[in-house]
Amino acid sequence: MQNETLSAAIRTQLDQLDGAYTFYYRERDGEPIRFSNRGPDFRFRTASIIKVPIALSWFVLERGGALDRREIAELDREARVEGAGFACALTVRSFPYADALLHMLATSDNLCTNVVIEKIGMERLNQVWREAFGLTDTRLGRKMMQPADRGSGRDNWTISADLEKWYDAIDALPEDDRNELRRLMCYCQDDNLFFRDFETDPDGFYHKTGGLPGVVNDWGFSDGKRFFLITNEVRSKSETRRIFGILGKNLLEN
């Protein structure tokens, strides 16, 4: 599909969304397609896609000697939380941080994510995002399943430009870390957004979804494509998911 035709098809679908959105699609060496119905400083709630830069920070800090994924994580040191994932129900209550990272990205496990956040430190995570990745307004203000309070900064958010910089952060990783990130993300169990209308999840795509009341997000990439749609203030999640599916067919089969 030619770029202008694809852009028009994308815009037709995005115009049907009932909330705030930011969209990005780029093929290797091609011009990016960007659409947003909010200004560049609009802070989008991330939901579980925030787990991607958390994982990136682990790789950077471990490369510098500050962390070791072979170290044992103790699940019961964190408060029991449910939501996404099932580590709260595991009989085994300790395993290497490598497995916590896998649960965090593959099943979006909230308990494992909080164990990882606690190990790194929330302020250190935000510092890495600013100083190593150049993220100007991506913020971790709470652990998973903790109540949000945006007025006091107790929430997790990002902006459109930072979402693109997450790709730059991946590009900057050493090859073995990039391959490990792909390995972890290829086990993602959630295919109900961009991939919902495929018979099987297409090979070679790596993505992370996120959802909260009024929030439906998907952020991903392959070797040749980068794509995200972040939606907030959604009134109809079923309609939003339907639009994700149409866009996924347009983008990922193109």
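Source: prediction; values computed, not measured.
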Side chain proximity check, Val234 to Glu239, heavy atoms < 4.5 angstrom | no

Should the pair Asp197-Lys249 be classified as a salt bridge under the 4.0 Å nitrogen-to-oxygen rule?
-> no

Does some side-chain heavy atom of Lys165 sit less than 4.5 Å from a side-chain heavy atom of Thr138?
-> no

Spacing of Met144 atom CE and Arg142 atom CZ [to the nearest 0.5 Å] | 6.0 Å

So, does Asp162 use its side chain to make a donor-acceptor pair with the main chain of Thr136 at under 3.5 Å?
-> yes

When the aromatic ring centroids of Tyr21 and Phe23 are compared, is their separation below 6.0 Å?
-> no

Evaluate the criterion side-chain contact (heavy atoms from CB on, under 4.5 Å) for residue pair Glu118 and Val116; output intermediate values, then yes/no.
-> CA-CA 5 Å; Glu118 184 64 24; Val116 170; over 6 Å; no

Distance col, row Tyr97:OH vs Met104:CE, nearest 0.5 angstrom, shows 12.0 Å

Trp129 and Ser57 side chains, donor-acceptor separation under 3.5 Å | yes

Kindly indicate, with the supporting measurements, whether the criterion side-chain contact (heavy atoms from CB on, under 4.5 Å) is fulfilled by Leu135 and Arg130.
-> CA-CA 5 Å; Leu135 305 180; Arg130 291 191 306 269; 6.0 Å; no

Side-chain ion pair, Glu62 and Arg69, N-O less than 4.0 Å | yes

Presence of salt bridge, Arg182 and Asp223, under 4.0 angstrom | yes

Is there a side-chain contact between Leu140 and Pro53, using heavy atoms and a 4.5 Å cut-off?
-> no

Is the ring centre of Trp219 less than 6.0 Å from the ring centre of Tyr24?
-> no

Verify whether one side chain among Lys208 and Ser48 offers a donor that lies under 3.5 Å from an acceptor in the other.
-> no

State the CZ-OG1 distance between Phe44 and Thr22, to the nearest 0.5 angstrom.
-> 5.0 Å

Going by heavy atoms in the side chains, are Thr231 and Phe244 under 4.5 Å from each other?
-> yes

So Val128 and Ile120, side-chain contact (heavy atoms from CB on, under 4.5 Å) or not? Walk me through it.
-> CA-CA 10 Å; Val128 170; Ile120 298 174; over 6 Å; no

Nearest-0.5 Å distance, CG of residue Leu101 to CG of residue Leu184 = 6.5 Å

Do Lys51 and Asn156 have a side chain donor and acceptor closer than 3.5 Å?
-> no

Polar side-chain atom of Glu78 near backbone of Leu75 as donor-acceptor pair, under 3.5 Å | no

Is the distance between the ring centroids of Phe221 and Phe227 under 6.0 Å?
-> no

Arg139/Glu123 ion pair, N-O < 4.0 Å = yes

Can you check whether Phe133 reaches Asp168 side chain to side chain, under 4.5 Å on heavy atoms?
-> no

Short N-O contact, Glu233 and Arg38, less than 4.0 angstrom = yes

Under a 4.5 Å cut-off applied to non-hydrogen side-chain atoms, are Arg178 and Asp176 in contact?
-> no

Heavy-atom closest contact (Pro96 atom, Arg70 atom, distance) = CB-O, 4.0 Å

Trace of the side-chain contact (heavy atoms from CB on, under 4.5 Å) decision for Phe95 with Cys112 | CA-CA 10 Å; Phe95 44 65; Cys112 285; 3.9 Å; yes

Are the side chain of Glu71 and the backbone of Leu67 linked by a donor-acceptor contact shorter than 3.5 Å?
-> no

Taking every non-hydrogen atom, the tightest pair across Ser160 and Ser36 | OG-OG, 4.4 Å

Linking I/L/V/M/F/W/Y whenever any side-chain heavy atoms sit under 4.5 Å apart, do Val115 and Phe59 land together?
-> yes

Path from Phe228 to Ile159 over hydrophobic side-chain contacts below 4.5 Å = no

Please name the residue in the list Arg226, Arg26, Arg34 that meets the salt bridge (charged side-chain N to carboxylate O under 4.0 Å, His left out) test with Glu164.
-> Arg34

Separation between CZ of Phe194 and CG of Asn250, rounded to the nearest 0.5 Å | 10.5 Å

Check: His207 ring centroid to Phe195 ring centroid under 6.0 Å | yes

Could you tell me whether the side chain of Ile10 reaches within less than 4.5 Å of the side chain of Ser7, counting heavy atoms only?
-> no

N/O donor-acceptor pair under 3.5 Å between Asn232 side chain and Arg45 backbone = yes

Does any donor atom in the side chain of Thr209 or Asp190 lie under 3.5 Å from an acceptor atom in the other side chain?
-> yes

Please report the shortest heavy-atom distance between Arg80 and Cys88, naming the atom on each side.
-> NH1-O, 3.0 Å

Find out whether Leu61 and Arg124 are in side-chain contact, i.e. whether some heavy atom of one side chain is under 4.5 Å from a heavy atom of the other.
-> yes

Asp137 with Arg43: basic N within carboxylate O range, under 4.0 Å = yes

Answer with yes or no whether the hydrophobic clustering places Val215 together with Trp166; edges join I, L, V, M, F, W, Y residues whose side-chain heavy atoms lie under 4.5 Å apart.
-> no

Asp15 atom CG: more than 12 heavy-atom contacts under 6.0 Å | yes

When rounded to the nearest 0.5 Å, the distance separating CZ of Arg77 from CG of Leu111 is 13.0 Å

Leu193, Ile33: one ILVMFWY side-chain cluster at the under-4.5 Å cut-off?
-> yes

Look at the side-chain heavy atoms of Ile, Leu, Val, Met, Phe, Trp and Tyr, link any pair under 4.5 Å apart, and say whether Phe35 and Ile246 land in one connected group.
-> no

Does the Gln189 side chain pair with the main chain of Tyr187, one donor and one acceptor, at a distance under 3.5 Å?
-> yes

